[in-house]
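Since we're looking at a predicted model, the values are computed, not measured.
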Amino acid sequence: MLRMEQVVAGYGKAEVLHGINLFIAPGEVVALVGPNGAGKTTTIRCITGEVSPRSGRIFYREEDLGGETPHAVVARGISCAPEGRHIFGNLTVQENLQVGGYLLASRKKIRERIRWVCDLFPKLWERRGQLAESLSGGEQQMLAIGRAIMNEPRLLLLDEPSLGLAPIIVDQVYERIGEISREGVAILLVEQNVGLALEISSRTYVMESGKIRLEGESVDLEHNPYVVNTYLGVK
Amino acid sequence: MDGLYIAQQLINALSYGSILALLAIGYTMIYGILGLINFAHGEIFMIGAFCAYLLLAFGGSPFLIGLLAALGGAVIVGMLIQRTVYAPCLKRNPEVLTVFIASFGASMGLRSLFTMIFGDSRRAFPTPDSLEGILITDSGLFLNVKDIWIFGIVLVLVLGIALFVRFSRTGMAMRAVAYDANAAELAGINSQRIVLYAFVLGSVLAGVAAVAYGMSFGVVTPSMGYLIGLNAFIAAVLGGIGNVPGAAVGGYIIGLGEIMFVALLPPQFSAVRPIFVWMLLFLILFVKPTGLFRPNIKIE
C-alpha cells in the first residue's frame with residue numbers, strides 16, 4: 001500500500017535519511033524503531049509531505065506521492081498523529097475532532113465519526129466541551145489519535161504515541177491502537193519503546209543514523225541478539 | 001461637565017469606534033493566521049476609500065456602487081499584497097524582521113504612490129443626502145443618521161463574522177491554522193487557501209470601514225490609513241491577538257477612549273490625542289501583554 005524507495009532527505013545542509021526502503025501492506029501494523037535522531041520522524045514527514053525527499057520515491061497505492069502538500073496527502077487517505085501531539089489547544093475537544101474531519105463530506109458524517117471516535121476514547125466524549133489545552137497528556141494523545149482517524153484514513157502514521165505518558169496510560173492508548181488496526185487501518189508506528197512496538201506490530205524496521213539497520217517479522221526480531229542487546233536489555 | 005456631555009461624546013465616537021473595530025478584525029485575522037503585522041492594512045482601507053470616492057465624486061455612481069467599488073478595490077489590493085509581497089517573502093525568508101520590513105515597505109509605497117497621484121490635500125467624500133440628517137432626542141442628544149447606519153451595519157457585520165469564525169467549518173479551520181498551521185495541514189486543511197480567505201475577509205471589512213470613514217469624516221486623503229491603521233492594530237492587541245470579537249471590542253474601547261480622553265481634557269490638549277492610544281498600548285504590554293481576551297494563537 002505504501003512503498004518508500006531509496007528515499008534521501010534532510011534539512012538545510014544536513015542529510016538525515018540516506019536511502020530508506022520500506023513498505024507497508026494494507027491493514028498491517030509496521031513499527032519503525034531506533035534511537036533519538038535516527039530519522040524516524042523525518043521518515044514520517046516524508047510520507048506526510050512536510051519534507052520533500054531529495055531523491056528516491058514514495059508510492060501510495062501505486063501512485064507517486066512526490067511533491068504533494070500535506071493536505072493533499074491527507075485527502076488520499078493518509079493521516080498522521082504527529083510527535084508532540086500538536087492538538088489545537090485553543091479549540092474544544094469536539095472542535096479538534098471536527099477539524100480532524102475537515103475533509104468529510106457532511107456535518108452528519110462528521111457527527112457520526114465523532115461518535116465512533118468517542119466510543120473508542122470515552123474520555124473525549126466526557127471532555128468534549130473543554131478546551132483541548134486543559135486535557136491531561138494521555139487525553140491529549142488520545143485526542144491526537146482521534147483527530148487523525150476522523151478523516152477515515154487507510155494508513156495511519158503514529159509518531160511516538162507513548163512519549164511522556166505513564167505506563168498505565170500507555171497501555172490504554174496501545175489497546176486502542178490495536179482496535180483501530182482491527183478496523184482494517186494500516187498503521188506505521190514510530191516508537192522509542194521497542195518492546196512495546198514489537199508486541200503490537202507484525203513487522204518492524206530498526207533505524208539507525210538515517211538507514212534501515214534491520215528489518216523483519218516482529219516475533220523474530222524479539223529474539224534477535226542485536227535487538228535484544230541494544231534495545232531490549234538483557235532479561 | 002455633565003452626563004449629557006459625556007453621552008454626546010460617546011455617541012460622536014461610535015462611528016470612529018466602528019471603523020477601528022472593522023480594521024482591527026482585519027489585523028487580528030492576518031496576524032493570527034500568518035503571524036505578521038500587515039501594516040499595509042491601513043492602505044488597503046485608504047485605497048478602498050479612494051475607489052468609492054472616485055466613482056461617487058466623478059462617476060456620479062449610486063452610493064451602493066461606490067460601496068461595492070470600495071469592497072472590490074480593497075479586496076484586489078489585499079490579494080495583490082498577499083501574492084506579491086507576503087507570499088514570496090515568507091517563502092524565501094520567513095524571518096519576522098524581513099516580513100515586518102516588507103509590510104512596512106508595502107504600506108509606505110502605496111501611501112506614497114497615492115500621494116503622488118492625488119496630492120496630499122483632503123478631498124470631500126460625497127455622502128448622499130438620504131443618509132444625512134440629525135435626530136434630536138428629548139434629553140437633547142444629537143444623533144447623526146449616518147452614524148446610526150454605520151453603527152448598525154458594523155454591529156451586524158461583527159456579529160456575523162464572530163459567528164462565522166466560531167461555528168462555520170472555514171472559521172474553525174481559520175482558528176486551527178492560527179494556532180498551528182502545520183497540524184492543520186495534517187488534518188487536511190489547505191492553509192494557503194485559508195490565508196487567502198483571511199486576506200479577502202479582512203479587506204472586505206477594510207472596504208466597509210473606508211466608506212464609513214468617508215461618510216463620517218467627509219474627507220479622504222492618501223494618508224488617512226496611517227494613524228487609524230496603527231490604532232486599529234493596537235485595538236487588535238488589546239482584544240487578544242487572533243481573537244475576532246476581542247478585536248472588535250478593542251476597537252470600540254480605543255475609539256471611545258480616544259474621544260473621551262480629548263473630551264475630558266482642556267481644549268489646548270486636543271493635539272495630544274494620539275498619546276492616549278500609545279499610553280494604552282504601553283499599559284497593555286506592561287500589565288497584560290496577551291490582551292483583554294484570550295488570544296487565538298499558540299503562546300509558547
Side-chain angles (χ1 to χ4, degrees), chain A residues 41 44-45 47-51 68-92 94-107 109-110 113 131-134 140 143-153 156-159, chain B residues 28-29 31-33 35 87 90-95 162-198 239-247 290-300:
Chain A
T41 295
I44 294 263
R45 288 194 177 145
I47 302 174
T48 59
E50 291 164 272
V51 172
E68 291 272 36
T69 53
H71 66 263
V73 172
V74 179
R76 288 183 179 225
I78 303 178
S79 274
C80 175
E83 184 183 14
R85 310 191 267 262
H86 288 274
I87 51 150
F88 303 112
N90 59 334
L91 270 54
T92 65
Q94 183 163 355
E95 286 173 338
N96 266 272
L97 294 176
Q98 282 169 328
V99 168
Y102 187 73
L103 295 176
L104 294 179
S106 67
R107 279 176 183 266
K109 185 89 199 153
I110 292 175
R113 195 70 184 166
L131 284 182
E133 65 183 3
S134 70
Q140 289 192 7
L143 180 57
I145 296 174
R147 183 182 65 186
I149 56 178
M150 277 294 296
N151 275 330
E152 304 184 321
L156 177 63
L157 312 172
L158 296 174
D159 198 349
Chain B
T28 222
M29 281 202 301
Y31 189 91
I33 287 172
L90 286 168
K91 199 171 175 186
R92 295 185 63 145
N93 191 352
E95 299 224 1
L163 291 174
F164 170 76
V165 170
R166 179 86 177 78
F167 293 110
S168 77
R169 202 163 170 155
T170 307
M172 223 177 284
M174 282 179 152
R175 284 185 290 145
V177 172
Y179 192 80
D180 189 334
N182 194 46
E185 279 274 338
L186 289 179
I189 295 169
N190 183 343
S191 57
Q192 286 307 309
R193 188 174 295 166
I194 297 292
V195 167
L196 202 63
Y197 288 165
I241 204 82
N243 184 326
V244 167
T290 55
L292 292 177
F293 306 99
R294 191 177 197 292
N296 195 43
I297 52 171
K298 201 174 199 169
I299 295 163
E300 304 295 342

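- B:Arg166 touches chain A through backbone and side chain together, each having a heavy atom under 4.5 Å away.
- If you measure heavy-atom distances from B:Ala184 to chain A, the contacts under 4.5 Å come from both the backbone and the side chain.
- Using a distance-only test at 3.5 Å, with no hydrogens or angles considered, no donor-acceptor pair links the side chain of A:Gln140 to the main chain of A:Ile87.
- Residue contact with chain B, scored on non-hydrogen atoms closer than 4.5 Å, involves the side chain of A:Ile110 exclusively.
- Contacts with chain A were tallied for B:Ile189, B:Asp180, B:Asn182; B:Ile189 has the most, counting heavy-atom pairs under 4.5 Å.
- Using a distance-only test at 3.5 Å, with no hydrogens or angles considered, a donor-acceptor pair links the side chain of B:Arg175 to the main chain of B:Val165.
- Contact of A:Leu131 with chain B is made through the side chain alone, with heavy-atom distances under 4.5 Å.
- Most heavy-atom pairs under 4.5 Å with chain A: of the set B:Ala187, B:Gly242, B:Gly188, B:Ala183, this distinction falls to B:Gly188.
- The part of A:Glu50 that comes within reach of chain B is its side chain, from C-beta onward, which places non-hydrogen atoms under 4.5 angstrom from that chain.
- Residue with the most contacts toward chain B among A:Leu157, A:Asn151, A:Leu91: A:Leu91 (heavy-atom pairs, distance under 4.5 Å).
- Applying the salt bridge (charged side-chain N to carboxylate O under 4.0 Å, His left out) definition to pairs two or more places apart or across chains, none involves residues 81-90 of chain A.
- Side-chain atoms of B:Arg169 come within 3.5 Å of backbone N or O of A:Tyr102 as a donor-acceptor pair.
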